[in-house]
Structures are given as structure tokens and as C-alpha cells.
J.: 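Let me begin by handing over the structure; questions about it come next.
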Amino acid sequence: MAEPDQLTQLITMRDWLRYAVSRFNAAGLVYGHGTATALDEAAFLILHTLHLPVHQLEPWMDCRLLIAERQAVQQIIEARIATRKPAPYLTKQAWIQGQSFYVDERVIVPRSYIGELLAGDLEGIAPEPASIRSILDLCTGSGCLAILAALQFGEAKVEGSEISTDALAVAEINVRDYRLEDRIELVRSDLFAGLGGRRYDLILSNPPYVDGDAVAAFPPEYAAEPKLAHAGGADGLDMVRRILSEASKHLTPTGVLVVEVGRGRSLLEREFPDLPFLWLDTAESAGEVFSLTRSDLDERGSR
């Protein structure tokens with residue numbers, strides 16, 4: 001931890017950014033909750049603490065910090081090292097596609113590749129976006145994908161389904177923050193179990209898909225998140241199998257299912273060779289999100 005005299009030696013944001021990167025590297029921190037490197041993590045924490053735009057280091061780098069600001073920056077740097085919590089838990093803020101969401105330890109830190117797809121041209125998700133009037137975000141967590149979907153499909157009603165009451169409480173905060181209470185309904189449900197016979201034009205899901213060995217080997221940053229949001233069974237695909245078996249009954253005739261599966265592509269393609277998975281790559285991922293239509297699922301069921 002920086003000694004009091006170091007508060008007089010580290011003067012500018014550049015000084016503190018360098019110091020934070022050195023401390024994070026020495027501590028062997030692990031990233032992946034919105035940042036990928038020690039530099040990105042340090043920049044996010046320092047900019048947030050100083051109430052500056054979190055994506056803009058310039059023109060602040062050589063600005064001198066007040067003593068109180070240096071103390072606040074020092075505290076969050078040391079908290080990140082001491083607790084090994086993901087940075088968004090310390091700031092209570094996560095970002096996806098330029099949108100900010102409230103998060104805390106009750107919910108997994110949002111970071112789905114589906115967010116990238118919703119911000120793109122939508123071709124793989126909805127060839128005719130105007131036709132999307134009903135959307136389900138299955139395993140909604142913090143509600144971020146439900147909110148991004150509501151913002152992208154302005155005429156659609158959205159439901160967010162989630163088994164965790166703690167996660168739903170966080171999702172409620174975010175839905176209120178975006179003033180979307182009239183368009184987003186949050187439902188406690190074990191996948192489709194609590195949704196009755198409702199059908200949707202689009203079902204999005206970022207379910208738990210981490211295999212048992214990987215969960216057991218989690219570094220502290222990932223272990224700090226709710227295990228329920230990660231654990232997908234021995235091979236990681238227990239929830240995905242359930243979704244594939246039940247989704248057809250909850251899609252409209254032209255409905256589309258979009259699911260993130262992490263590294264499960266090869267396992268899925270071997271287990272379901274008759275399903276024509278359309279893999280939707282993004283700038284940050286390849287072969288981690290698939291799309292299937294209602295007719296794809298029905299044809300498999302009729303064989």
C-alpha cells in the first residue's frame with residue numbers, strides 16, 4: 001500500500017496509472033469482467049473514482065490530483081488487490097456497448113457477446129427487425145440484455161426470466177434506471193417453467209455454461225460471482241440442452257432462438273448433428289453464440 005509520503009510523490013493521473021499497473025501486475029490479478037489487461041483495469045478504476053468518462057484518458061493524463069483524490073484512487077487500487085473482486089463490484093457499475101448498468105455481488109458481472117450482436121446489423125438475430133414484437137431474455141441476470149433488446153427493438157415487449165431472486169432485484173434497479181418498466185417485465189422462473197404458454201418472436205439467452213472442472217479452478221475474481229450464474233454441469237451444457245428441448249414451444253412460428261455457449265460449440269455439434277446451428281461471430285468472439293429458428297427446432301423434433 002502506498003505510504004503517506006508517496007501521496008506527495010504520485011501527483012498526476014499518469015503517475016497513478018503507472019503505479020496501479022505495476023501493483024496489479026505484481027499482485028497477479030485476473031481480468032475479464034469488462035477489461036482484459038492491467039492497464040485497462042487501472043484506467044477504468046481511476047477514471048470512475050475521479051468521476052471522469054471511463055473511456056477517455058485524454059486530456060486528463062497530466063492533470064494534477066488533489067490530495068483527497070489521490071487518497072480515493074489509492075483506496076480503490078488497494079481494494080482491488082486486497083479483495084480480488086471484479087472491478088465492477090467495487091464501482092457498482094458495468095458497461096456493455098456504451099451503456100452503463102448497476103451491478104453488485106448478487107449478480108454475475110454482465111459481459112455477453114449477445115450485447116455486441118444487438119448493437120450490430122442484427123442479420124443473424126432478426127432479418128426483419130420490425131417484425132420483432134415480443135422478446136424473452138432467458139437467465140436475464142442484471143437485466144442488461146433485456147434492456148439492450150428493448151432499446152434496439154423499440155416496438156417490442158420484453159420479458160426477463162431469472163431463477164435467482166437476488167439477480168432479479170438487481171435487474172429491477174436497472175430497468176427502473178432506464179425507465180423501461182412499461183416495456184420490460186421481470187419474471188422469476190426456472191428457464192421456461194414459470195412462463196406458461198407464452199410465445200416470443202425472439203428468445204435470447206446467456207445461460208450458465210462453465211464446466212465443472214473450470215468452475216473448481218476459478219481464480220478469486222470469478223469465484224466472487226454467484227456460482228449459480230456460471231455452473232453448467234459436468235460439461236457445461238446442462239442448461240443449453242434444456243433450452244434446446246423446450247424452446248420450440250415458446251417461439252412464434254417465425255421465432256428465433258439466440259444462445260451463448262462459450263466453448264461448447266464442438267460438443268453441441270457432435271451431440272446435435274441434425275441441428276443447423278448458425279454461429280454468430282462478433283469482433284470479440286468466434287463460435288460462441290448460435291442462432292436457430294423455430295422451424296429448425298421443429299424439423300429436428302419431427303425426425
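Remember, predicted model here, so these are calculated numbers, not experimental data.
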J.: Minimum heavy-atom separation for Gly32 to Tyr222, with atom names?
T.: CA-OH, 3.4 Å
J.: Applying side-chain contact (heavy atoms from CB on, under 4.5 Å) between Cys144 and each of Ile96, Asn206, Asn174, report the one that passes.
T.: Ile96
J.: Have Tyr31 and Glu221 got a donor and an acceptor in their side chains that come within less than 3.5 Å?
T.: no
J.: Decide whether Tyr113 and Glu284 meet the rule of one side-chain donor and one side-chain acceptor closer than 3.5 Å.
T.: no
J.: Start with the C-alpha distance between Ile81 and Phe24, add both sets of side-chain angles, then the distance that settles side-chain contact (heavy atoms from CB on, under 4.5 Å), and finish with yes or no.
T.: CA-CA 7 Å; Ile81 295 167; Phe24 291 173; 3.9 Å; yes
J.: Check whether any side-chain heavy atom of Leu10 sits under 4.5 Å from a side-chain heavy atom of Gln74, and report yes or no.
T.: no
J.: What is the minimum heavy-atom distance between Arg106 and Ala169, and which atoms define it?
T.: NH1-CB, 3.6 Å
J.: Nearest 0.5 Å, please: how far is CZ in Arg241 from CD1 in Ile243?
T.: 12.0 Å
J.: Could you walk me through whether Thr254 and Thr293 pass the side-chain contact (heavy atoms from CB on, under 4.5 Å) test, one step at a time?
T.: CA-CA 7 Å; Thr254 59; Thr293 65; over 6 Å; no
J.: According to a hydrophobic-cluster definition based on side-chain heavy atoms being under 4.5 Å apart (Ile, Leu, Val, Met, Phe, Trp, Tyr only), do Leu191 and Ile135 belong together?
T.: no
J.: So does Arg111 pair up with Glu116, basic N to acidic O under 4.0 Å?
T.: no
J.: Would the distance check show the side chain of Asp281 and the main-chain N or O of Gly287 forming a donor-acceptor pair, the cut-off being under 3.5 Å?
T.: yes
J.: Main chain of Ala150, side chain of Arg183: is a donor-acceptor contact present, judged purely on distance under 3.5 Å?
T.: yes
J.: Could you report the tightest heavy-atom contact between Ser205 and Ile114, atom names first, then the distance?
T.: O-CD1, 3.4 Å
J.: Over all heavy atoms of both residues, which pair between Asp238 and Gly233 is shortest? Give the atoms and the distance, please.
T.: OD2-CA, 3.4 Å
J.: A side-chain contact here means heavy atoms from C-beta on lying under 4.5 Å apart; do Met13 and Arg64 qualify?
T.: no
J.: Any chain of hydrophobic side-chain contacts (each under 4.5 Å) joining Leu118 to Val158?
T.: yes
J.: Could you tell me if the ring centre of Phe218 sits under 6.0 Å from that of His230?
T.: yes
J.: Would you compute the distance between atom CG of Leu257 and atom CG of Leu278 and round it to the nearest 0.5 angstrom?
T.: 11.5 Å
J.: I'd like to know if the side chain of Thr282 reaches the main chain of Ser285, judged simply by a donor and an acceptor atom lying under 3.5 Å from each other, with no hydrogens or angles considered.
T.: yes
J.: Among Val256, Leu292, Leu251, whose side-chain contact (heavy atoms from CB on, under 4.5 Å) with Ile203 holds?
T.: Leu251
J.: I'd like to know if the side chain of Asp298 pairs up with that of Ser248 as donor and acceptor (distance under 3.5 Å, no hydrogens or angles considered).
T.: yes
J.: Starting from the C-alpha separation in whole Å, work towards a yes-or-no answer on side chain to side chain donor-acceptor pair (under 3.5 Å) for His33 and Glu41.
T.: CA-CA 9 Å; His33 296 85; Glu41 186 99 337; over 6 Å; no
J.: Measuring from atom CD of Gln97 to atom CG of Leu145, what distance do you get when rounded to the nearest 0.5 angstrom?
T.: 10.5 Å
J.: Are side-chain heavy atoms of Gln71 and Leu7 found at a separation under 4.5 Å?
T.: yes
J.: Between Leu195 and Val187, is there a side-chain heavy-atom distance shorter than 4.5 Å?
T.: yes
J.: With under 30° as parallel and over 60° as perpendicular, where do the rings of Phe192 and His250 fit, or are they tilted in between?
T.: parallel
J.: So with a 6.0 Å cut-off around NZ of Lys227, is the heavy-atom count from everything else above 12?
T.: no
J.: Compare every heavy atom of Leu267 with every heavy atom of Arg270, then report the nearest pair and how far apart it is.
T.: NH2-CD2, 3.0 Å
J.: Got a second to check how far Ile108's CD1 is from Ser142's OG, nearest 0.5 Å?
T.: 9.0 Å
J.: Distance-only, no hydrogens or angles: does the Glu225 side chain make a donor-acceptor pair with backbone N or O of Val109 under 3.5 Å?
T.: yes
J.: Under a 4.0 Å N-O cut-off, is there an ion pair linking Asp15 with Arg70?
T.: no
J.: Below 30° counts as parallel, above 60° as perpendicular, anything between as tilted: where do the rings of Trp16 and Tyr19 land?
T.: perpendicular
J.: Please check if atom CD in Gln56 has more than 12 non-hydrogen atoms from other residues, nucleotides or ligands closer than 6.0 Å.
T.: yes
J.: How far does CZ of Phe101 sit from CD of Gln93, to the nearest 0.5 angstrom?
T.: 10.5 Å
J.: Check step by step if side-chain contact (heavy atoms from CB on, under 4.5 Å) holds for Leu186 and Ile184.
T.: CA-CA 7 Å; Leu186 298 173; Ile184 297 178; 4.2 Å; yes
J.: How many angstroms lie between atom OG of Ser291 and atom CD1 of Ile125, to the nearest 0.5 angstrom?
T.: 7.5 Å
J.: I'd like to know if Leu90 and Val103 are part of one continuous hydrophobic network [Ile/Leu/Val/Met/Phe/Trp/Tyr, side-chain heavy atoms within less than 4.5 Å].
T.: no
J.: Under the 3.5 angstrom rule, does the side chain of Ser189 hit a backbone N or O of Gly194 as a donor-acceptor pair?
T.: yes
J.: Evaluate side-chain contact (heavy atoms from CB on, under 4.5 Å) for Phe290 paired with Glu260, printing each intermediate quantity in order.
T.: CA-CA 7 Å; Phe290 70 74; Glu260 184 168 332; over 6 Å; no
J.: Given the rule that I, L, V, M, F, W and Y join up when any side-chain heavy atoms are under 4.5 Å apart, are Val261 and Leu228 in one cluster?
T.: no
J.: Answer yes or no: is there a side-chain heavy-atom contact under 4.5 Å between Leu57 and Leu17?
T.: yes
J.: Give the ring-plane orientation class for Trp95 versus His55, where under 30° counts as parallel, over 60° as perpendicular and anything between as tilted.
T.: perpendicular
J.: Without hydrogens or angle criteria, can the side chains of Ser22 and Arg18 be said to hold a donor-acceptor pair below 3.5 Å?
T.: yes
J.: Who passes salt bridge (Lys or Arg N to Asp or Glu O under 4.0 Å) against Glu159, sequence neighbours left out?
T.: Arg198
J.: Are Val258 and Leu202 side-chain neighbours, meaning at least one heavy-atom pair lies under 4.5 Å?
T.: yes
J.: Is it true that Lys157 and Asp201 make a salt bridge, defined as a side-chain N closer than 4.0 Å to a carboxylate O?
T.: no
J.: Side chains of Glu162 and Thr140: is there a donor and an acceptor less than 3.5 Å apart?
T.: no
J.: Consider only side-chain heavy atoms of I, L, V, M, F, W and Y, link residues closer than 4.5 Å, and tell whether Ile163 and Met239 are in one cluster.
T.: no
J.: Which heavy atom in Leu297 sits nearest to a heavy atom in Ala247, and how many Å separate them?
T.: CD1-CB, 4.1 Å
J.: Would a distance-only check, ignoring hydrogens and angles, find a side-chain to backbone donor-acceptor pair under 3.5 Å from Asp211 to Ala214?
T.: yes
J.: Is any side-chain heavy atom of Leu117 less than 4.5 Å from a side-chain heavy atom of Leu122?
T.: no
